[in-house]
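Each remark here refers to the structure printed beneath this line.
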Amino acid sequence: MVWWFSWLCLLFFLFTSKLNCSLSSSNSSSPPSRHVCNSDESSALLQFKNSFQVNHSIYGGSEFVYPKKTDFFSPRTDSWAKYEDCCRWSGVTCERVTGHVSGLNLRFSGLQGILHSNSSLFSLGRLKMLDLSFNDFMGSAISSKFGGFVSMTHLRLDYSNFTGKIPSKISQLSKLVSLKLSSGLASYELSSGLVSYGPHEKTTIDPLTMKGIAQNLTSLRVLALNSVDMSSVVPESFLNLSSSLTSLLLFDCNLRGKFPGTLFHLPNLEKLYLYGNTNLTGYTPKSNWSSPLNYLGLSETKISIDLHFLTSSLKSLRALYIRECNFAGSRLHLELSGNLTQLMWLDLSHNSFGGQIPWSLLNLEHLHHLDLSSNMFVGELPEIHGNSTKASSTLHDSSKKQLIGGSIPMGLTVLSLYNNSLSGTIPSWVYSLPSLEILWLDNNEFTGNINDFQSLSLWYLDLSNNKLHGMIPSSIYGLVKLEDLKISSNNLSGVVKFEKFQNLQSLTSLDLSYNHLMDSSMIPSTFPKGNILRNLDLHGNQLEGTLPQSLVNCRKMEVLDLGDNKLNDTFPNWLESLPELQVLILRSNRLYGPIGSPKTRFPFQKLRIIDLSFNQFGGPLPTMYFQKLVAMKDVQDDELKYMGESYYQDTVTVIPAVIGELKSLKGLNFSSNKLKGPIPSAFCNLTNLEWLDISSNMLSGEIPTQLADLTSLAKLNLSGNQLVGPIPSGNQFDTFENDSYSGNWGLCGYPLSKTCINDEAPQPPLFDKQDGDMNGFDWKIVWMGYGCGMVIGLSVGYIVLSIGKVDREVRIMGRKIRSRMAKRAKKTSVGTRKW
Ligand SMILES: *[C@@H]1O[C@H](CO)[C@@H](O)[C@H](O)[C@H]1NC(C)=O
Ligand SMILES: *[C@@H]1O[C@H](CO)[C@@H](O)[C@H](O)[C@H]1NC(C)=O
Ligand SMILES: *[C@@H]1O[C@H](CO)[C@@H](O)[C@H](O)[C@H]1NC(C)=O
Ligand SMILES: *[C@@H]1O[C@H](CO)[C@@H](O)[C@H](O)[C@H]1NC(C)=O
Ligand SMILES: *[C@@H]1O[C@H](CO)[C@@H](O)[C@H](O)[C@H]1NC(C)=O
Ligand SMILES: *[C@@H]1O[C@H](CO)[C@@H](O)[C@H](O)[C@H]1NC(C)=O
Ligand SMILES: *[C@@H]1O[C@H](CO)[C@@H](O)[C@H](O)[C@H]1NC(C)=O
Ligand SMILES: *[C@@H]1O[C@H](CO)[C@@H](O)[C@H](O)[C@H]1NC(C)=O
Ligand SMILES: *[C@@H]1O[C@H](CO)[C@@H](O)[C@H](O)[C@H]1NC(C)=O
Ligand SMILES: *[C@@H]1O[C@H](CO)[C@@H](O)[C@H](O)[C@H]1NC(C)=O
Ligand SMILES: *[C@@H]1O[C@H](CO)[C@@H](O)[C@H](O)[C@H]1NC(C)=O
Ligand SMILES: *[C@@H]1O[C@H](CO)[C@@H](O)[C@H](O)[C@H]1NC(C)=O
């Protein structure tokens with residue numbers, strides 16, 4: 001979704017700044033037209049306007065938008081009616097002589113509503129240019145009335161949430177020069193995270209309509225049908241496309257079959273994007289490439305690409321996307337045979353290229369994006385010395401670190417090399433790329449210290465999973481644009497200086513987990529007011545002391561993971577006021593004392609996962625909290641999707657069924673605490689329970705026979721307690737093995753070898769029995785909790801009230817987010833060029 005934004009922004013940018021096919025040059029401040037608009041048309045326009053609401057938020061948040069571009073929203077209709085003469089309205093263009101409305105540009109205008117076929121729009125019969133792209137027509141069908149605009153030369157209905165079939169009448173618009181009907185919607189969707197123009201339904205096109213478009217629209221220069229479902233279209237139908245075609249944009253179209261090689265020869269073709277048609281086959285030609293072709297996107301297709309011929313034929317290539325195209329081998333330097341001096345965007349990611357990266361790429365002065373991630377590249381990044389000499393002959397020297405003469409690629413904005421086996425230190429030029437915005441070097445074998453960053457334009461920095469050591473350089477605290485910083489799983493040491501985070505006003509995610517960071521002074525750490533941090537992951541470090549109360553300044557915090565540290569504090573119930581907090585991981589610290597009762601009316605409003613295991617909490621179970629954890633009780637599907645997909649992805653491997661059926665409690669983990677008393681038989685009401693882990697506590701008494709009624713229970717861990725008496729039999733209990741019970745010396749019966757002495761039916765335990773010791777969680781209260789609120793609360797809640805281990809799996813969400821982001825941005829870099 002993100003990359004999606006990116007290209008839409010780029011597109012917008014290109015469209016407005018460069019391509020002269022932009023639909024409207026209307027200018028609200030232009031002098032009054034001599035030709036006052038026709039009153040019918042004026043009222044038709046107003047009627048059209050009034051049939052929609054204007055909704056800014058359909059474009060979503062600015063979560064991960066690359067390139068940054070937030071000024072696209074332009075609610076042009078707002079100003080309508082300001083003048084009587086509709087020719088002066090924003091977005092409206094009129095014919096010079098007659099004053100008829102000939103152009104309507106409402107791109108990114110926030111229109112939301114159904115576009116019916118009785119819309120007054122269709123009475124504007126003189127329209128030549130119509131741009132309704134990037135609105136939200138809420139699944140409207142594309143009316144066949146669009147086919148009635150006989151003078152139409154430019155028609156854009158793309159990314160406006162249309163669904164259904166593209167009407168065949170479109171092919172009657174024989175004057176069309178530009179037709180853009182790409183399917184989808186311009187919204188940022190948290191839940192889907194990435195890609196596809198279709199969390200939403202795709203529009204479809206049938207073979208005849210496609211054929212009609214190809215045959216009848218003889219002036220067509222631009223055809224964009226991205227994300228339109230073309231599964232029934234045969235690629236041969238494109239053969240009849242006009243030879244004047246300059247852009248053919250067909251990504252994510254479910255196109256299958258063989259893409260006709262002759263299309264690569266179309267004499268005027270400049271852009272060809274076939275990205276994401278994973279079943280599209282064919283060959284790139286060995287000769288006679290369309291010479292103007294300079295944007296080529298063949299990523300994620302099965303088109304067999306002759307890189308050598310491609311790069312030697314397309315000398316003016318500016319963008320080449322061949323991500324995930326099954327390339328392998330270590331001859332990339334030979335295959336990139338051309339001079340490619342114009343190259344700006346190169347995506348070779350997700351292949352199996354090996355050997356050394358052909359670093360002569362760095363000598364390409366226009367290089368903007370370089371994405372070589374997820375390959376098998378080895379070796380060190382070269383040092384670059386001097387600015388003047390051209391790429392030197394060291395290109396083929398794969399044995400040692402290369403010293404490349406020449407300038408650093410000053411314009412490099414995205415450098416993505418993650419998931420390779422690159423080693424050595426990160427050379428100094430990387431830190432000083434003046435335009436660098438995204439740097440992903442994670443999942444390699446880089447060593448050494450992190451140097452001072454001079455790339456002050458950085459937004460995203462990921463150095464995770466390397467072998468970097470030393471301290472976090474203080475220059476990082478000066479990267480004022482930084483939004484996402486990940487240096488987890490390295491060997492960083494030293495003190496984290498949170499008070500320096502004052503400057504990082506754009507920071508939304510900080511992941512320094514799994515290092516050796518200390519902060520004996522987490523107390524004086526100040527998280528400044530108004531910060532927008534959403535994810536703070538310091539898991540697995542050496543943090544000591546108490547939790548800084550200034551964490552309450554992180555009003556946007558969604559995930560707080562301080563697990564596996566040495567924090568020594570009481571339960572931070574002051575965190576309950578964080579309105580967005582969804583995940584709180586404090587496991588494996590030295591936290592102590594009772595959890596207590598909520599201090600606010602709606603504590604932890606959005607909390608979904610809390611992990612307090614491996615601490616020294618005592619006192620009664622915090623039933624008041626349980627009853628008030630509203631987010632766990634009332635979870636909407638879409639939120640679940642969000643949570644499920646972004647945060648708990650890896651939990652799925654542990655609890656496979658959870659994601660599938662979210663409405664009931666599937667798992668309960670209270671392990672490794674100091675719970676005392678008998679197992680409450682109220683558990684037997686948790687009929688959907690699939691796993692129950694209450695191991696390593698101080699539970700006593702017998703195992704309630706009713707537990708055998710939990711027929712969905714697949715995993716049970718009662719080990720490490722002080723349980724006695726016979727193990728219940730029947731149903732699931734016949735399947736559990738010794739491990740489930742180990743360390744309870746008083747238990748007997750199957751599967752244990754110890755037989756029970758008097759072989760009578762076990763007595764149900766008294767579940768209101770108390771041992772009176774208030775230092776452990778008191779199961780009477782537990783029972784009450786479960787008997788009343790909790791069963792309901794948890795059974796409709798998402799997963800886990802995990803006062804127990806959720807393990808690294810949950811923690812991984814940070815990683816997961818990262819990798820999802822990475823994926824997005826990979827897409828992003830594709831996306832930007834895709835257009
Ligand atoms: C649009 O307005 C600007 C500034 O008011 C002006 O310079 C420009 O000439 C106008 N363009 C048209 C097409 O009227
Ligand atoms: C704007 O659109 C979004 C996304 O469809 C929707 O959630 C929201 O309710 C809409 N706002 C209004 C005021 O209708
Ligand atoms: C257009 O059609 C829709 C549904 O068919 C109807 O609800 C609406 O009232 C009609 N509008 C006009 C102006 O006729
Ligand atoms: C897009 O259209 C669908 C119906 O096809 C509708 O449910 C949805 O609200 C629309 N808008 C957004 C932002 O998804
Ligand atoms: C081609 O366009 C003409 C009018 O320009 C129209 O009559 C004819 O039906 C169209 N053919 C197709 C296949 O749409
Ligand atoms: C292309 O159009 C011509 C007529 O204009 C027709 O004879 C031919 O069959 C068409 N080819 C394809 C592949 O549709
Ligand atoms: C590609 O083909 C495979 C096997 O025929 C099919 O399962 C898959 O859905 C197809 N993918 C697309 C995007 O059409
Ligand atoms: C390439 O073009 C030349 C002349 O334009 C032609 O003779 C040759 O057959 C073409 N080759 C291919 C493979 O199409
Ligand atoms: C690259 O360009 C240089 C001169 O700019 C030329 O001598 C050389 O032959 C070119 N190489 C290729 C493979 O085209
Ligand atoms: C690179 O060139 C610039 C001017 O073009 C110069 O100021 C700078 O010192 C040069 N750097 C090196 C390392 O030669
Ligand atoms: C926690 O800190 C208190 C006083 O600050 C100290 O007495 C106690 O021993 C510490 N507990 C642990 C487990 O370090
Ligand atoms: C189980 O739930 C039922 C009602 O759903 C309730 O009457 C019963 O008391 C509960 N059993 C226990 C042991 O809490």
Side-chain angles (χ1 to χ4, degrees), residues 1 4-5 8 52-61 73 108-116 132-142 157-165 182-192 195-205 226-235 250-259 274-282 299-303 324 326 518 520-523 542-547 564-572 586 588-593 614-618 636-638 641-642 674:
M1 201 40 67
W4 186 89
F5 248 98
L8 73 83
F52 303 102
Q53 62 167 332
V54 173
N55 182 343
H56 187 172
S57 66
I58 62 174
Y59 306 115
F73 179 57
F108 278 119
S109 290
L111 301 181
Q112 192 174 42
I114 300 286
L115 179 52
H116 291 291
L132 297 177
S133 58
F134 303 105
N135 289 292
D136 180 3
F137 295 113
M138 304 193 73
S140 305
I142 298 180
L157 304 176
D158 44 330
Y159 305 114
S160 278
N161 207 6
F162 282 102
T163 56
K165 246 186 193 173
S182 300
S183 169
L185 171 73
S187 81
Y188 177 85
E189 167 117 352
L190 274 178
S191 59
S192 68
V195 201
S196 111
Y197 305 94
H200 306 278
E201 212 179 309
K202 287 183 172 183
T203 50
T204 60
I205 190 163
N226 302 320
S227 279
V228 173
D229 184 351
M230 295 195 171
S231 45
S232 59
V233 166
V234 283
L250 300 172
F251 49 83
D252 293 336
C253 286
N254 299 338
L255 262 179
R256 57 190 74 181
K258 192 172 168 199
F259 188 75
L274 300 172
Y275 180 100
N277 292 295
T278 49
N279 286 343
L280 191 61
T281 61
S299 295
E300 294 181 33
T301 64
K302 292 201 175 65
I303 294 176
E324 222 173 313
N326 287 314
M518 298 183 299
S520 49
S521 58
M522 225 192 149
I523 321 161
Q542 317 274 329
L543 306 178
E544 294 173 4
T546 57
L547 281 93
D564 263 311
N565 279 289
K566 297 174 178 168
L567 297 169
N568 176 355
D569 203 345
T570 53
F571 180 70
L586 296 172
S588 282
N589 275 288
R590 296 170 180 170
L591 305 176
Y592 59 88
F614 298 100
N615 280 292
Q616 283 134 35
F617 289 121
Q636 301 300 313
D637 270 352
D638 52 344
K641 202 172 154 211
Y642 168 43
K674 294 179 175 174

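Not measured: the values here are computed from a predicted model. What's counted below: heavy atoms across the whole structure, side chains too, no hydrogens, waters or symmetry copies. Each ligand, and each atom within it, is numbered from 1 in the order the structure gives.
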(message) Under 3.5 Å between any N/O of Asn279 and any N/O of ligand 7: does that happen in this structure?
(response)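 Right, the criterion is met.
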(request) Can you label the angle between the Phe251 ring and the Tyr275 ring as parallel, tilted or perpendicular, going by 30° and 60°? (result)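 Rings of Phe251 and Tyr275: perpendicular, as their planes differ by over 60°.
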(message) Using a 4.0 Å cutoff against the non-hydrogen atoms of Asn254, which atoms of ligand 7 qualify?
(response)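 Within the 4.0 Å cut-off of Asn254, ligand 7 contributes 13 (C).
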(request) Give yes if a backbone or side-chain nitrogen or oxygen of Asp136 is under 3.5 Å from a nitrogen or oxygen of ligand 4, and no if not. (result)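 In this structure, Asp136 places an N or O atom under 3.5 Å from an N or O of ligand 4.
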(message) Regarding ligand 4, does Thr163 bring an N or O atom to under 3.5 Å of one of the ligand's N or O atoms?
(response)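 Checking ligand 4 against Thr163, no N or O pair falls under 3.5 Å apart.
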(request) Please name the pair of heavy atoms, one in Gly139 and one in Thr163, separated by the smallest distance, quoted to 0.1 Å. (result)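 So the two residues come closest at O-OG1, 2.7 Å.
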(request) Determine the minimum heavy-atom distance between Ser140 and Leu115, stating which atoms define it. (result)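 Ser140 and Leu115 have their closest heavy atoms at OG-N, 2.9 Å.
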Report every pair formed by an N or O atom of ligand 11 and a protein N or O atom separated by less than 3.5 Å, giving atom names and the distance to 0.1 Å.
unit_1: ligand 11; atom_1: 2 (O); unit_2: Asn568; atom_2: OD1; d: 3.4
unit_1: ligand 11; atom_1: 2 (O); unit_2: Asn568; atom_2: ND2; d: 2.2
unit_1: ligand 11; atom_1: 11 (N); unit_2: Asn568; atom_2: ND2; d: 2.8
unit_1: ligand 11; atom_1: 14 (O); unit_2: Asn568; atom_2: ND2; d: 3.4

(request) Would you mind reporting whether Met230 and Asn277 have side-chain heavy atoms less than 4.5 Å apart? (result)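 No, too far: nothing below the 4.5 Å cut-off.
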(message) Suppose we screen for side-chain hydrogen bond (donor to acceptor under 3.5 Å, both in side chains). Which residues come up paired with Ser232, at least two apart in sequence or across chains?
(response)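 Here no residue qualifies.
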(request) Applying salt bridge (Lys or Arg N to Asp or Glu O under 4.0 Å), name anything that partners Lys258, two or more places apart in sequence or on another chain. (result)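 By the salt bridge (Lys or Arg N to Asp or Glu O under 4.0 Å) rule, Lys258 matches no residue at all.
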(request) Could you pull out all residues at least two apart from Asn279 that satisfy side chain to side chain contact (heavy atoms under 4.5 Å, CB included)? (result)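 Applying side chain to side chain contact (heavy atoms under 4.5 Å, CB included) to Asn279 gives Arg256, Lys302.
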(request) Assess the side chains of Tyr159 and Asn226: does a donor N or O sit below 3.5 Å from an acceptor N or O? (result)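 A pair is found: one side chain offers a donor N or O, the other an acceptor, under 3.5 Å apart.
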